[in-house]
Q: 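Take a look at this one; I'll ask things after.
Computed from a prediction, not measured in an experiment: that's the story for all the values here. In what follows, chains are A, B, ... by sequence order, proteins preceding strands, each numbered from 1.
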Amino acid sequence: MPDPFHLNGISSIQTGLRALDIVGTVMFALSGALLGVRKRFDLFGVLVLGCVTAVGGGAIRDTLTGNTPPLFLRDETYLWLAIAGSLTAFAFGMRLARFERTISLFDTLGLALFAATGALGATKLGLGPLGVTFAGMLSGVGGGIIRDLLAHEVPEVLYRRDQLYATAAAAGALTVYLLQGHLPQLGVQLSGAAVVIVARFVSRRGWVRLPVRRLPEER
Amino acid sequence: MPDPFHLNGISSIQTGLRALDIVGTVMFALSGALLGVRKRFDLFGVLVLGCVTAVGGGAIRDTLTGNTPPLFLRDETYLWLAIAGSLTAFAFGMRLARFERTISLFDTLGLALFAATGALGATKLGLGPLGVTFAGMLSGVGGGIIRDLLAHEVPEVLYRRDQLYATAAAAGALTVYLLQGHLPQLGVQLSGAAVVIVARFVSRRGWVRLPVRRLPEER
Amino acid sequence: MPDPFHLNGISSIQTGLRALDIVGTVMFALSGALLGVRKRFDLFGVLVLGCVTAVGGGAIRDTLTGNTPPLFLRDETYLWLAIAGSLTAFAFGMRLARFERTISLFDTLGLALFAATGALGATKLGLGPLGVTFAGMLSGVGGGIIRDLLAHEVPEVLYRRDQLYATAAAAGALTVYLLQGHLPQLGVQLSGAAVVIVARFVSRRGWVRLPVRRLPEER
């Protein structure tokens, strides 16, 4: 069994990082479970969708970096929190009048925290700027992609033409790469997460828009 | 190259466990291949869908637990059996008048055996109750999820509102966790598989039903 | 961190193999990015779809063989080339009057090169004929499957009833298994890739067709 860097480098010593990882887990659990409620899944379906969304990003991060079994299987805290988040969504789902907004808010927080943690893990493996950016982005968007595939929804990562999403995650991950060594770890991670949140906020206001290639027949 | 626990702990010594793993492989191959026949795939498409369904659960189990390359690549028996099962389904598919029932039966047996084997592997890594349950459940439902994604069907794992499916796999995996150390390995695995089968049978009779959250507009 | 065989056995010494891997990466990047352009993704969405398609096959190959982090994260060349290919597709996409044909051509080249490289890597792990064929086929079709799932298209791997696709990849991978030890590595890989290309070409001409099982109601 490996002795992965999480337990020494991230989780044990810098409990701040672990706390952020945990908050991201709960956010994504809420996001996944609320989608399950809206799709009329039963109790267990909501639970599974919430948990898979919550641990999917971390599972991708750990599998890509060779930390198997992934952290969420070794540390039961994550699954307990994912279950608690999913049950909360199931219990209160009915009263959340505007699913879209709530899911979207939780989703942004989860995206920000997971992209930053994933990028930080990738820098510890000595990866370069593109590798860190890609791994961080995948850690951030992985849970949501799995959620959408399982719910047979169009994966919103690539389709949100009016908003920055994966772009925001990538920007946050790149921030982590650029700041590492210049700030304490917690500061690096918080800065990366902040960049994701700001990018999402700015783009939802319609201030930033990425170009779309015009097709010949549209001219 | 790792020296994975399968070869020493499970396959070589306790051939009973290996036999069950092999039966599960054939069951899932039949299930996947019959879906391919129904979807009008060509011979090779049926073969691939059968094989991927058959080895998908084990691949997820081995990748999560760090046993790479996965068992199905190291031990050719699994792929030969998956091919044999898929060709059988292709050859006799026409005469199986009621695909739904047959696919469903094979699927339940594969689910039961893979959930139990996956859970047993997870207990050997020292995982806790939630980790074992989650890993066993994923091993059980993984092949079917890959099958449905590739066939562009709605993944039935989460949508089967009238039946226990992933719930049944989770119950079987938890059974393995609770019984380990109290029974011989083969007994533990068979008990876990039996719980899955009973849970599926009971729920198909309509005796058990999980709640669905009512949405505001439905009140 | 592992010292994977790529860096010694394939990339450093036999630069010819590396060159082919790189060409396959660019081909798949073009294929994925063009699909993104046609689906009206924005600039970053096209970039992500192109990159994921380009590195997906290699990521599956490396994850299955335990070479983590995967080569594309350790060697930035791959992502730079995938980005360059994707931007090229975005820039010139409008003028490519016939997307279908162009995507299909790039796709075939990527399929051929990745199936051969994946199969070669599998032979180095000592896998048998089925394991090498399956791992090579998955390396070849993996990027395209991820591309189609993310773009919410029907995965064309299994549906192309009129053409050999996964079959072609499997035939090329099996060729690599049979020829290893009889030819230099570069020759083995080129032969495997050639078999894939010929099989694709022949089947597109309609000379070869795989059987489809007739269903009872069709008689």
Side-chain angles (χ1 to χ4, degrees), chain B residues 1-2 4 32-52 54-56 59-60 62-64 66-83 86-87 89-99 146-147 149-153, chain C residues 2 4-5 60-68 118 121-122 124-138 141-142 145-146 148-149 152-171 199 203 208-219:
Chain B
M1 226 185 321
L34 279 179
L35 180 62
V37 168
R38 206 182 52 186
K39 299 276 282 190
R40 315 296 324 277
F41 288 1
D42 65 27
L43 174 59
F44 196 79
V46 168
L47 211 56
V48 169
L49 197 61
C51 288
V52 167
V55 303
I60 289 177
D62 291 342
T63 305
L64 282 182
N67 285 322
T68 52
L71 184 58
F72 82 89
L73 286 179
R74 282 178 277 122
D75 182 346
E76 303 254 304
T77 318
Y78 292 95
L79 279 172
W80 283 118
L81 285 166
I83 288 172
S86 303
L87 291 180
F90 190 83
F92 292 94
M94 201 166 55
R95 296 174 214 159
L96 298 169
R98 309 181 75 166
F99 287 104
I146 294 173
R147 177 195 63 203
L149 288 179
L150 286 183
H152 215 244
E153 295 265 296
Chain C
F5 65 89
I60 290 176
R61 178 193 62 201
D62 291 342
T63 305
L64 281 182
T65 54
N67 285 321
T68 52
K124 286 180 189 295
L125 289 169
L127 300 183
L130 281 183
V132 169
T133 303
F134 202 83
M137 186 189 74
L138 267 191
V141 305
I145 288 177
I146 295 173
D148 294 340
L149 288 178
H152 215 245
E153 296 265 295
V154 176
E156 66 180 353
V157 169
L158 297 171
Y159 276 81
R160 287 194 168 177
R161 229 172 297 155
D162 54 336
Q163 294 175 26
L164 304 181
Y165 191 79
T167 321
S203 73
V208 180
R209 212 164 268 229
L210 288 176
V212 176
R213 202 86 196 82
R214 214 170 287 132
L215 296 177
E217 60 265 31
E218 294 172 350
R219 284 200 284 187

Q: List the atom of C/A166, the atom of B/V48, and the distance in Å for their closest heavy-atom pair.
A: CB-CG2, 4.5 Å
Q: Of the backbone (N, CA, C, O) and the side chain (C-beta and beyond), which part of B/V46 lies under 4.5 Å from a heavy atom of chain C, both, or neither?
A: neither
Q: C/L125 and B/P69: which non-hydrogen atoms are nearest, and at how many Å?
A: CD1-CG, 4.2 Å
Q: Quick one: what part of C/I145 sits under 4.5 Å from any heavy atom of chain B, side chain, backbone, both or neither?
A: side chain
Q: Using non-hydrogen atoms and a 4.5 Å limit, figure out which bit of B/I83 sits close to chain C: side chain, backbone, both or neither.
A: side chain
Q: Can you tell me how far OG1 of B/T63 sits from CD1 of C/I60, rounded to the nearest 0.5 angstrom?
A: 10.5 Å
Q: Any chance you could measure B/L73, atom CG, to C/T133, atom OG1, to the nearest 0.5 Å?
A: 10.5 Å
Q: I want to check something: taking the side chain as every heavy atom from C-beta on, are B/F72 and C/L130 in contact at a cut-off of under 4.5 Å?
A: no
Q: What distance do B/D42 atom CG and C/Y165 atom OH have between them, rounded to the nearest 0.5 Å?
A: 14.0 Å
Q: Below 4.5 Å, heavy-atom pairs only: which of C/A170, C/P129, C/A135 has the largest tally toward chain B?
A: C/P129
